[in-house]
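Input: a single structure, listed below in structure tokens.
Residue indices begin at 1 and follow the sequence shown. Whatever order the structure lists them in is the order used to number ligands and atoms, beginning at 1.
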Amino acid sequence: MTPLLPTPKHYLYNLITMTSPQAKKLWRRAVKEHFNCTCVYCGNPYEINQLTLDHVKPKCNGGETITKNMVPACRRCNQEKGSRHWRDWMRDTFGYKPYREEQILSHIN
Ligand SMILES: [Zn+2]
């Protein structure tokens with residue numbers, strides 16, 4: 001398992017890798033592995049390369065590209081969520097899923 005660090009830069013600071021693109025690659029992998037390569041929104045498992053990383057708080061609302069704001073999402077969920085609040089969108093789309101909501105909450109807080 002790739003260690004899960006707060007930002008891509010931490011992979012450089014900790015000398016896990018020497019280049020910025022490699023740091024980003026490791027970071028993306030670590031976030032996905034942390035959630036067992038499952039989309040946090042629909043709950044389905046995917047191949048690691050089929051998953052995207054979603055900004056829980058959208059970039060356009062000031063969401064940062066840091067581990068605490070990033071979760072693995074399938075392309076469909078990522079696209080459909082868009083810039084809506086994750087919980088509103090999730091409840092409208094999948095109903096109330098306490099386990100999945102808790103998983104996201106504990107990651108972002
Ligand atoms: Zn999904």
Open item on the list: Strictly under 2.8 Å of the Zn ion (ligand 1): which protein N/O/S atoms qualify?
Closed with: C39 SG, C42 SG, C74 SG, C77 SG
- [ ] Under the side-chain contact (heavy atoms from CB on, under 4.5 Å) rule, what do H107 and V40 come out as? Steps first, then yes or no, please.
- [x] CA-CA 11 Å; H107 184 68; V40 290; over 6 Å; no
Task: Qualifying residues under salt bridge (Lys or Arg N to Asp or Glu O under 4.0 Å), relative to D88, sequence neighbours excluded - done: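 Testing D88 for salt bridge (Lys or Arg N to Asp or Glu O under 4.0 Å), a comparison that skips the adjacent residues, returns none.
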Open item on the list: I want to know whether W89 and Y41 have ring centres closer than 6.0 Å.
Closed with: yes
Open item on the list: For a quick check under 3.5 Å, do T7 and W27 share a side-chain donor-acceptor pair by atom type?
Closed with: no
- [ ] Any chance you could measure L105, atom CG, to R100, atom CZ, to the nearest 0.5 Å?
- [x]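 Between L105 CG and R100 CZ, I get 13.5 Å after rounding to 0.5 Å.
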Open item on the list: Using a 6.0 Å cut-off, check whether atom CD of Q22 has over 12 heavy atoms from anything other than its own residue.
Closed with: yes
